[in-house]
Amino acid sequence: MRVALFITCVNDTLFPGTGKAVVSLLRRLGCEVDFPAAQTCCGQMHVNTGYRADGVRLARHFTEVFSGYDAVVAPSGSCAAMVREQYPKLVRPGSRGAAAVAEVAPKVYELSEFLVDVLKVEDVGAYFPHRVTYHPTCHSLRGLRLGDRPARLLSRVRGLELVPLPAADECCGFGGTFAVKNPAVSAAMGADKVRNVLGTGVEVLCAADNSCLMHLGGTLDRQKAGVRVMHLAEILATTEATG
Amino acid sequence: MSAREEILGRIRRAVRDAPEVEIPRDYRTSVPVDDPVGLFAERVDDYRAVVHVLPAAEVPAKVAELVRGRRMIVPDGLPDEWTGGAAGGAELSGADGVVTGCAVAIAETGTIVLDAGPGQGTRAQTLVPDYHLCVVRADQVVASVPEAVARLDPVRPLTWISGPSATSDIELNRVEGVHGPRTLEVIVSI
Amino acid sequence: MSGTFLGMPGNFPKNAEKAVQNSQLRFNLRKATHTIRGKRASVVAELPDWKELRAAAKAVKDETLRHLDRYLVQLEEAVTRAGGHVHWARDAAEANRIVTGLVQATGESEVVKVKSMATQEIGLNEALAEHGITAYETDLAELIVQLGDDFPSHILVPAIHRNRAEIREIFLEKMPETPDGLSDEPAALAEAARLHLRERFLRSKVAISGANFMIAETGTLVVLESEGNGRMCLTLPETLISVVGIEKLLPSWRDLEIFLQLLPRSSTGERMNPYTSMWTGATEGQEFHLVLLDNGRTDVLADEVGRQALRCIRCSACLNVCPVYERTGGHAYGSVYPGPIGAILTPQLRGMGSELDASLPYASSLCGACFDVCPVAIDIPEVLVDLRAKAPHGAAERAGMRVAGWVLGDEARLAKAQRLASRVRGLVPRRLPGPLSAWTDTRDLPEIPEESFRDWWERHERP
Ligand code: SF4
């Protein structure tokens with residue numbers, strides 16, 4: 001199967017390791033991975049901050065770049081939810097934009113969805129002998145309704161001990177520009193999430209969104225908490241050979 | 001222009017292009033319940049009200065036992081066998097309690113509904129006294145809210161009662177007993 | 001007398017910053033919201049048709065709003081036929097004028113009140129006070145707020161920010177008849193309120209209420225409550241005045257079968273609230289006046305995206321589940337409508353002219369928990385995002401977003417920016433200046449990689 005990788009602007013710029021992990025994981029599972037070089041950003045930050053016109057421009061660019069693929073895989077629940085859930089609301093019904101969105105949006109998958117629903121694998125052959133907890137980010141949980149797909153994938157990773165995270169469904173406080181527009185509340189939410197993470201006694205906090213992990217990891221690092229954050233793709237890509 | 005005309009005009013302009021709406025009513029309008037009386041009793045009990053389920057023949061004695069020593073209000077039209085021999089006629093402000101029937105009762109929610117019909121008193125009579133004894137006939141118990149709504153007449157003043165007066169205003173924890181009757185006792189006559 | 005929120009200075013982030021540092025407030029809110037969340041979840045799970053009830057409720061409300069003019073006229077006819085009087089109020093001032101006049105006509109200078117969002121919204125108590133009429137709140141939480149000279153902070157439980165010890169203090173100080181030995185047990189506090197209000201209920205000649213629902217077909221008004229103060233106010237006084245927003249309408253009697261299932265389970269987490277009163281027109285010899293309130297609602301109705309906020313049945317489930325509300329409490333929102341619903345309703349009702357109102361659409365991380373629990377399926381995140389597009393933006397932010405949009409608009413520009421960032425990666429300070437310090441005050445920055453993903457792909461993978 002030929003899939004396009006939508007890396008997302010945040011991963012592209014700040015977390016290239018996640019992209020590399022997705023590429024190696026998908027290839028290991030027999031996919032041919034393409035990276036359309038013209039891709040940039042889904043427009044979420046602009047739309048959600050109130051700059052709709054800029055966001056719509058970026059959305060149009062996205063639908064042009066990713067038109068014609070069987071599947072587009074994004075290692076970000078938030079960006080996948082943006083395309084699937086919010087793009088249809090940005091276009092005028094019956095317009096050309098609406099047609100483009102209708103063609104592309106349903107083919108955009110978050111990584112765990114693609115693995116479980118499209119490739120129909122849960123055991124991806126990973127090996128990661130560590131204590132891990134998983135934070136289901138809001139847009140994965142309530143936007144895409146990923147449910148237990150990530151947990152199913154993680155629980156099949158050899159050596160991995162998955163520890164349930166108390167109050168897992170609560171927002172971590174990142175919220176895009178919310179983190180800088182309402183820093184006090186964002187930090188308070190992050191502190192509570194981090195307290196729950198630390199209570200589990202894990203080595204690694206995992207999520208399917210690096211933006212939330214950037215916020216939580218930044219908080220953990222500032223506290224010198226000794227817990228590292230890893231994207232789901234990075235854990236799933238690790239094998240006995242590579243790890 | 002009158003406020004009425006202006007508001008109606010604003011509404012018409014506001015919704016001019018709004019789409020028409022279909023209402024899907026796929027929810028349950030009747031609920032199969034094996035033992036509605038049993039469920040009703042269980043749910044009333046959950047509100048920390050007192051419930052007795054008794055054969056009709058035993059109800060008069062039970063009522064008599066419960067009203068003994070209380071100054072009771074006995075509303076017009078209450079069947080004689082449900083008065084427990086209470087003299088009735090107590091003044092609203094001096095009464096300790098009231099005994100009534102009801103219009104309908106709901107099993108799923110443990111609710112009794114009064115419609116000010118015969119034997120149910122005025123709204124004030126079931127409110128001011130601190131003790132409310134309500135006798136429910138088994139055939140008045142319906143399973144669900146939709147079935148109760150269908151049985152009721154909106155033109156009558158209706159009071160839906162689910163347990164004794166309560167409040168959750170302190171730390172969102174429910175405590176019984178504020179302004180309405182602090183004790184609700186229900187007899188289901190089967 | 002509690003104050004009014006109108007014209008409150010500041011903005012949400014500043015108010016919130018103060019609130020999150022108040023450990024007592026954080027503790028009280030956390031405890032209360034977590035209690036209610038659990039209760040709601042368990043009684044909602046009991047109904048196998050919750051999804052269907054929610055879909056029906058949403059559609060009934062939308063259909064009502066679509067034909068609101070027709071239904072209001074129908075309601076007016078039904079109420080009038082049943083011996084009630086209907087008044088129409090364009091705005092707060094007009095509603096206050098009408099109610100004041102009606103109270104004055106009775107010759108009374110005291111009224112008892114059932115908790116009502118609409119009368120809080122219009123500042124009715126303050127307006128009555130200006131004419132020498134004293135309004136006594138009778139709901140326990142409203143009483144706590146009123147006695148404590150405080151602001152409400154929650155739709156359903158206006159004193160949610162107070163714990164039992166604080167409530168005891170307020171009662172001891174403000175209710176002279178309260179014995180010094182009063183404990184802080186909730187039952188004892190409720191008893192104190194019962195004694196305090198008992199006489200007043202039996203004496204009062206005029207009551208003012210709101211309503212949860214009005215039935216167009218029959219002219220019936222519906223009030224849900226717990227304590228019995230509502231029943232006291234609705235039944236005992238000779239005159240009853242109900243002030244109700246025009247959107248509180250339901251077309252038919254039958255529609256209650258939906259909403260009487262959704263509302264109690266969503267709000268107090270009970271299968272049914274202790275008391276629900278329904279009356280049609282002048283009942284049992286009472287004089288009845290209904291004041292229909294617009295006060296900005298028709299403006300909300302005109303907004304294609306925002307109008308869904310008028311479906312709200314004020315259950316407060318969205319507040320109880322909101323992670324932002326849980327940490328800031330209601331006062332930070334500067335409105336009688338706090339929390340997620342407040343963040344979309346207040347800017348629509350009042351406009352975004354003030355700094356505070358313009359900051360409300362941003363008082364959310366868009367986590368979506370509110371939408372999930374809303375019994376009438378208001379897509380609060382959608383409305384927030386829509387309002388953000390209409391909100392005024394600062395010049396610096398506009399410039400920053402324009403640059404970001406330009407860079408992200410083209411892959412070559414993005415690649416160039418990424419390479420520049422990689423080149424200066426060693427020079428980025430641990431604490432950023434200006435608005436970005438909001439990030440680094442509490443969080444470390446991620447390390448900028450030596451190479452972006454796209455450059456890595458270009459070097460390694462390009463066929
Ligand atoms: S918006 Fe929805 S959840 Fe919030 S108070 Fe209104 S009805 Fe309840």
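A, B, ... follow the sequence lines: proteins, then strands. Residue 1 opens every chain.
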Below 4.5 Å from any heavy atom of chain B, which atoms of [X] appear? Answer side chain, backbone, both or neither.
{"X": "C:H87", "answer": "neither"}
{"X": "C:I215", "answer": "neither"}
{"X": "C:R198", "answer": "side chain"}
{"X": "C:L72", "answer": "side chain"}
{"X": "C:R70", "answer": "neither"}
{"X": "C:L301", "answer": "both"}
{"X": "C:N273", "answer": "backbone"}
{"X": "C:N28", "answer": "neither"}
{"X": "C:L53", "answer": "both"}
{"X": "C:E304", "answer": "neither"}
{"X": "C:I160", "answer": "side chain"}
{"X": "C:T35", "answer": "side chain"}
{"X": "C:E46", "answer": "side chain"}
{"X": "C:L29", "answer": "neither"}

#### Entry: Axial cation check for B:Y131 ring with B:R182, 6.0 Å and 45° limits
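Geometry flag: not set, cation outside 6.0 Å or 45°.
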### Query
Parallel, tilted or perpendicular: which fits the ring planes of B:H179 and C:F201, with parallel below 30° and perpendicular above 60°?
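Perpendicular: the ring planes of B:H179 and C:F201 meet at over 60°.
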### Query
Which one, B:D26, B:T29, B:I161, leads in non-hydrogen pairs under 4.5 Å with chain C?
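Top option by heavy-atom pairs under 4.5 Å: B:I161.
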Measure distances from [X] to the heavy atoms of chain C and classify the residue's part below 4.5 Å as side chain, backbone, both or neither.
{"X": "B:E22", "result": "backbone"}
{"X": "B:R156", "result": "backbone"}
{"X": "B:L114", "result": "neither"}
{"X": "B:S2", "result": "backbone"}
{"X": "B:P164", "result": "backbone"}
{"X": "B:D17", "result": "neither"}
{"X": "B:T159", "result": "both"}
{"X": "B:A116", "result": "side chain"}
{"X": "B:E171", "result": "both"}
{"X": "B:V31", "result": "neither"}
{"X": "B:V175", "result": "side chain"}

[X] and [Y]: side chain donor to acceptor below 3.5 Å:
{"X": "C:T280", "Y": "C:T220", "result": "yes"}
{"X": "C:D255", "Y": "C:S252", "result": "yes"}
{"X": "C:T283", "Y": "C:Q286", "result": "no"}
{"X": "C:E217", "Y": "C:Y71", "result": "no"}
{"X": "C:E76", "Y": "C:W88", "result": "yes"}
{"X": "B:D115", "Y": "B:Q120", "result": "yes"}
{"X": "C:N320", "Y": "C:H34", "result": "no"}
{"X": "B:T183", "Y": "B:H132", "result": "no"}
{"X": "B:T126", "Y": "B:T100", "result": "no"}

When only pairs under 4.5 Å are counted, which of [options] shares the most heavy-atom pairs with chain B?
{"options": "C:G228, C:G281, C:S226, C:G219", "value": "C:S226"}
{"options": "C:A193, C:G269, C:P274", "value": "C:P274"}
{"options": "C:E225, C:E63, C:R164", "value": "C:R164"}

Report yes or no: does [X] contribute a side-chain atom to a donor-acceptor pair with the main-chain N or O of [Y] at less than 3.5 Å?
{"X": "B:R70", "Y": "B:L66", "value": "yes"}
{"X": "C:R297", "Y": "C:D294", "value": "yes"}
{"X": "B:E58", "Y": "B:P55", "value": "no"}
{"X": "B:Q125", "Y": "B:T122", "value": "yes"}

### Query
Between B:V51 and B:A41, what is the shortest heavy-atom contact and its length?
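That would be CG2-O, 3.5 Å.
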### Message
Any carboxylate oxygen within less than 4.0 angstrom of a Lys/Arg side-chain nitrogen, looking at C:E94 and C:R90?
### Response
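Yes, C:E94 and C:R90 are salt-bridged.
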